[in-house]
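Data first, discussion second: the structure below is written as structure tokens.
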Amino acid sequence: MAASSTSSLSGSSVSSDPDDYQPPIWKSYLYQLQQEAPRPKRITCPQEMESRPKYYGREFHGMISREYADELLAGKEGAYLIRESQRQPGTHTLALSFGHQTLNYRLFYDGKHFVGEKRFESVHDLVTDALITLYIETKAAEYIAKMTTNPIYEHLGYTSLLKDKMVHRLSRGRTEPRRVTFQSDDRISSPVVQRNALKDTSEKLSSYEKIHNFKVHTFRGPHWCEYCANFMWGLIAQGVRCSDCGLNVHKQCSKLVPSDCQPDLRRIKKVYSCDLTTLVKAHNTPRPMVVDICIREIELRGMKSEGLYRVSGFSEHIEDVRLAFDRDGEKADISASAYADINIIAGALKLYLRDLPIPVITFDLYSKFIQAAKLPNAESRLEAIHDVLLQLPPAHYETLRYLMAHLKRVTTFEKYNLMNAENLGIVFGPTLMQPPEQNALTTLNDMRQQKLVVQLMIEHEDVLF
């Protein structure tokens, strides 16, 4: 196996200064192999075939035997043709000459041509990609198997800078969840264990983990994997790209990339219906700005409003607020001059929480909260809810903590707004908690527990958080 060569396509120095940063030297071995791959050679049929489907060209030879196809392709590396199966009339086979043998693939068409997961505009493109893949995987099988063993990812300049920025933000004022002990005499002990005892930088960093949102991507022009620094070969769908931060890697490398996605604001197209962790990391805030801005406005002029959060605002105006946040972000105007009815702002906040793709109380913890609410003993119930709260993702925990503190303040104005913790639990239970299977019957059966969970979090906010 040839040793991997390098190319100075992109420079090589790594610096802690963003202005001095240069990308690493990319490894060119796989790129060179792609350049060496056989080129497609279409073997055309000398006569017009009446049975030829309209989406095939002269490479279609009709119903010929496998042996005759072998003769037509013999000695022509990269040559290909399409034949109709003799055993299964109406089905088609791509016969391709590679490595001094004929390879046969069942060929499909649904508007695009394919033999596997990848779909192509033309048979020629399909064969080109197949020859590249076959050649590279034949020539460099051992190299490919080992290419993830010495990644450059952790040594990239921008990765180090990203860590520095995140650690600085963490040290600026994240509120850590507290672990407390519930005692039978109703006294609460002082905090004794902080969540995930953050002893050093790496542990702090891990507490802000966000997985990358990788999706298969077709790269135009040569691209290199930002995990292993090797070329991403093929004609289409050569690798995957994180739709939140833009990281480009091989599909196999994506399984090894750390959960350290730092979303790019340019890639976040909206505020509502955006994953909570993605939004706060993109905006570098501890909580979604919608939550902060709406609560600030409500506490400024709406705490004495009768039926706060229970009375609905006009849905058209609530939709206007949603569009304003999606369009203007933190600059959205929700002041009294724009929306005099505070119920519109309260409705916009509830809509934001309700439209989260992963609820504030996450799907995976839903059943644990429901089971905790069913415990007959009050102290055990609080202890169980507290333990599950500590399992929430950091952004979800902080959002819930901030919201519960606000709702606790709402209850102090109960004689004006008529909203106590139980009433708010009825309103926010199904907003903050949704069963993972989205079953209407399950939701109906769990309504009492949903209400109780939120009610207890409001009443015991100072203890549970």
Side-chain angles (χ1 to χ4, degrees), residues 28-141 143-144 215-223 230-241 250-252:
S28 64
Y29 175 52
L30 298 180
Y31 175 74
Q32 292 169 359
L33 287 183
Q34 174 160 312
Q35 299 301 101
E36 298 169 7
R39 298 293 184 263
K41 303 178 185 69
R42 185 173 69 151
I43 304 300
T44 59
C45 183
Q47 64 219 36
E48 187 66 34
M49 302 297 298
E50 293 184 3
S51 61
R52 184 181 75 195
K54 61 181 180 180
Y55 41 83
Y56 294 140
R58 295 293 296 274
E59 70 275 6
F60 181 77
H61 287 249
M63 192 177 289
I64 62 173
S65 68
R66 179 176 291 204
E67 291 73 22
Y68 183 49
D70 289 346
E71 291 180 21
L72 293 174
L73 298 173
K76 304 181 183 75
E77 190 79 344
Y80 71 95
L81 59 81
I82 298 172
R83 61 182 178 83
E84 185 174 357
S85 172
Q86 292 180 324
R87 294 181 180 179
Q88 295 179 291
T91 64
H92 303 103
T93 298
L94 171 67
L96 173 63
S97 176
F98 178 80
H100 308 294
Q101 60 180 321
T102 300
L103 306 176
N104 293 280
Y105 301 94
R106 178 81 174 272
L107 187 60
F108 300 90
Y109 181 81
D110 63 356
K112 291 189 176 181
H113 304 274
F114 63 99
V115 297
E117 292 181 358
K118 294 184 178 183
R119 283 166 162 70
F120 299 83
E121 296 291 343
S122 68
V123 174
H124 184 272
D125 286 349
L126 186 156
V127 174
T128 301
D129 186 83
L131 289 170
I132 291 170
T133 302
L134 288 167
Y135 187 78
I136 288 179
E137 292 183 353
T138 299
K139 293 282 186 179
Y143 182 89
I144 291 171
K215 294 180 180 178
V216 175
H217 189 79
T218 293
F219 299 95
R220 303 302 177 190
H223 267 73
N230 282 288
F231 178 67
M232 294 195 281
W233 65 90
L235 201 63
I236 68 168
Q238 304 96 326
V240 294
R241 168 176 286 175
H250 290 111
K251 187 175 181 179
Q252 59 265 48

Distance (rounded to the nearest 0.5 Å) between Phe231 CZ and His223 NE2
10.0 Å
Show me, pair by pair, the donor-acceptor contacts under 3.5 angstrom made by side chains of residues 96-103, not counting sequence neighbours?
unit_1	atom_1	unit_2	atom_2	d
Ser97	OG	Lys76	O	3.1
Thr102	OG1	Asp70	OD1	3.0

Closest approach of Ala69 and Arg83, non-hydrogen atoms and distance?
CB-CD, 4.0 Å
Got a second to check how far His61's NE2 is from Gln47's CD, nearest 0.5 Å?
9.5 Å
Set out, in order, the CA-CA distance, both residues' side-chain angles and the distance that settles side-chain contact (heavy atoms from CB on, under 4.5 Å) for Arg58 and Met49, then state yes or no.
CA-CA 8 Å; Arg58 295 293 296 274; Met49 302 297 298; over 6 Å; no
Which atoms form the tightest heavy-atom contact between Leu131 and Ala37, and what is the distance?
O-CB, 4.1 Å
Within the distance-only criterion (no hydrogens, no angle test), does the side chain of Ser28 pair as donor or acceptor with the backbone N or O of Tyr31 below 3.5 angstrom?
no
Using the side-chain contact (heavy atoms from CB on, under 4.5 Å) rule, take Thr128 and His124 through it: C-alpha gap first, then chi angles, then the decisive distance, then the call.
CA-CA 6 Å; Thr128 301; His124 184 272; 3.6 Å; yes
Rounded to the nearest 0.5 Å, how far apart are CZ of Arg106 and CZ of Phe114?
10.0 Å
So CD of Glu71 and OG of Ser65: to nearest 0.5 Å the spacing works out to 7.5 Å
Under 3.5 Å donor-acceptor, Glu84 side chain and Gly90 backbone:
yes
Heavy-atom closest pair (Asp129 atom, Ile236 atom, distance to 0.1 Å) is OD1-N, 3.6 Å
Residues Lys118 and Ala237: closest non-hydrogen pair is CE-O, 3.7 Å
Within the distance-only criterion (no hydrogens, no angle test), does the side chain of Gln238 pair as donor or acceptor with the backbone N or O of Met232 below 3.5 angstrom?
no
With Leu94 as reference, evaluate Val127, Leu81, Asn104 under the side chain to side chain contact (heavy atoms under 4.5 Å, CB included) test and give the passing residue.
Val127
Could you check whether atom OH of Tyr135 has more than 12 heavy atoms from other residues, nucleotides or ligands sitting under 6.0 Å from it?
yes
Shortest non-hydrogen contact from Leu33 toward Lys139:
CD1-CB, 4.1 Å
In terms of ring plane angle, is the pair Phe60 and Tyr56 parallel, tilted or perpendicular, where the classes change at 30° and 60°?
parallel
Assess whether atom OH of Tyr55 is packed by more than 12 heavy atoms of other residues, nucleotides or ligands within 6.0 Å.
yes
Got Asp110 and Arg119 here, is their nearest side-chain heavy-atom distance under 4.5 Å?
yes
Nearest heavy atoms of Met63 and Ser85, plus distance in Å:
CE-O, 3.8 Å
Working to the nearest 0.5 angstrom, can you tell me the gap between Ile144 CD1 and Trp233 CH2?
4.0 Å
Rounded to the nearest 0.5 Å, what separation is found between the NZ atom of Lys54 and the CZ atom of Arg52?
13.0 Å
Any sub-3.5 Å donor-acceptor pair from Lys41's side-chain atoms to Glu77's backbone N or O?
yes
